[in-house]
Protein chains: 2
Amino acid sequence: MSPASSTTPARRPGGRTARVRAQVLAAVRAQLVEHGYDALTIDAVAARAGVHRTTVYRRWRDVGGLLADVLDETSDDDWRPPDTGSLEDDLTALNQEIFDALTADPPITTALIAASFRSEEAARALRRLWQDRYTRCEPLVDRAVRRGEIPRDTDPRALLIAATAPLYHHLVLLRTPPDPRLPAQTARSIAKAAAGGAFSVSAPPAEARP
Amino acid sequence: MSPASSTTPARRPGGRTARVRAQVLAAVRAQLVEHGYDALTIDAVAARAGVHRTTVYRRWRDVGGLLADVLDETSDDDWRPPDTGSLEDDLTALNQEIFDALTADPPITTALIAASFRSEEAARALRRLWQDRYTRCEPLVDRAVRRGEIPRDTDPRALLIAATAPLYHHLVLLRTPPDPRLPAQTARSIAKAAAGGAFSVSAPPAEARP
DNA sequence: CCATTAATGCGACAACTGTTGCATTAAGAT
DNA sequence: ATCTTAATGCAACAGTTGTCGCATTAATGG
């Protein structure tokens, strides 16, 4: 049974199974808020949830599995990217969501990223999340093309990566103090770059030049 | 004594101290090449190096400390960013170095990033590395300004982050298969964006508009 | 209501991580 | 050559992580 994947139906979805899951996931959040990622252990979560640690190992496998399930529980299957009427504002809103997720308390997203370096459960959940999110964001670029804001031959994925990567880079890897202007500034730069054809695929690659 | 910082002179830099360090760091590399980051433990390195694990704990504190010292050993104090004559080629060369570091065998850089989520030694070493590298790269942007390739009021750090963040995002966080075209493609996009004023600081921020 | 069986608890065990006090080795100064 | 002391080794210990076989509880179907 893999609780990290809500697409796999539980064999016994009744009272105790659901209750244990709710208790455990609440314990994960509480432990993260009060003690941070370093203190997020199977034992700590089990004790806090009032269940046996064997139960947690059997259902969630590791800390990464717990975090993946917390993310799964809170994620919105109907999520769509912002649609504000302009590329810059769409990207700003998208970046603000990423910024909020990376600076949230409890820090579910940053904890999941941290866990992904040691837990296959976490790595798999992250991969699925990002694959899904980047795919769902492509219409945002298509809308900008239709509005005539950017060239028709813009590479949607390259634009989206360029717009979002600096947020992750600053907040997760560089660990710089969160600058609330970052979402808008990065969105503005990349929207302007895209309008100028920086992400057009028809431009010859640098290595094609003599 | 902190071996992770080469600026702190060892009290006994003689034969055995230097020899043990060389053996241990070689063991770190060999262990990473043959078994990957997950199997990089203090015990494994100590056994491989032929030293006692207490020695490793005392000198390096944790796996992060080991990786930081390996990085320190291989780093070039005289490193300067590329100077090819054009912003795009400079950024391409810089990105290629990052790409090579992130796909290298042994994967010292990616291991250090992974370790940085659990080891203060690793986090400190990474912070120092990136602070140093981004600072040393600023002349690359200054040269582009002097050549007239980009506006005078370009924000050097924003440009450098935009040019490099997608590499880290793809290779470290998204874990996408390394695309050898990525360094050049990202450099080309960002050089074009910069030329078009995407990183100028005088442009009004998005939130300043009504 | 009862039988079947999935989910959970229990307690023991093994492996791993990290530390400590004392002994030994060797670097460095005289 | 000798003395001082930093570096290292040894073996024991403690705590944490992860697993296992069996027992108990409770979800589910008939």
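What you see is a predicted model; the values in this text were computed from it and never measured.
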B:Arg61, CZ atom: more than 12 neighbouring heavy atoms under 6.0 Å: no
Nearest whole Å is fine: how far is [N] [atom2] from [X] [atom1]?
X       : N      : atom1 : atom2 : value
A:Gln23 : C:dA7  : CD    : C1'   : 14 Å
B:Arg21 : D:dA6  : CZ    : C1'   : 17 Å
A:Ile42 : C:dC16 : CD1   : C1'   : 16 Å
B:Trp60 : C:dG18 : CH2   : P     : 16 Å
A:Asp38 : C:dT17 : CG    : P     : 17 Å
A:His52 : D:dA26 : NE2   : P     : 16 Å

Worked check of side-chain hydrogen bond (donor to acceptor under 3.5 Å, both in side chains) between B:Gln131 and B:Arg127: CA-CA 6 Å; B:Gln131 176 58 30; B:Arg127 201 177 297 134; over 6 Å; no
Shortest non-hydrogen contact from A:Ile161 toward B:Pro166: CG2-CB, 4.0 Å
Closest to the B:Thr55 side chain, choosing from D:dT8, C:dT17, D:dT19: D:dT8
Of A:Arg53 and B:Ala44, the one whose closest DNA chain C nucleotide lies more 5': A:Arg53
Short side-chain N/O contact to D:dT19 OP1/OP2 from A:Tyr57, under 4.0 Å: no
Partners passing side-chain hydrogen bond (donor to acceptor under 3.5 Å, both in side chains) against B:Tyr134 (at least two apart in sequence or in another chain): A:His169, B:Thr164
Salt bridge between [X] and [Y], side-chain N to carboxylate O under 4.0 Å?
X        : Y        : value
B:Asp62  : B:Arg118 : no
A:Arg136 : A:Asp132 : yes
B:Arg48  : B:Glu34  : yes

Sugar-phosphate only, base, or nothing, as touched by B:Asp43 at under 4.0 Å among non-hydrogen atoms: base
Residue whose nearest DNA chain D nucleotide is more 5′ - B:Ala18 or A:Arg61: B:Ala18
Contact pattern, 5' to 3', of nucleotides 21-30 of chain C - B, S or - by protein heavy atom under 4.0 Å: BB--BBBS--
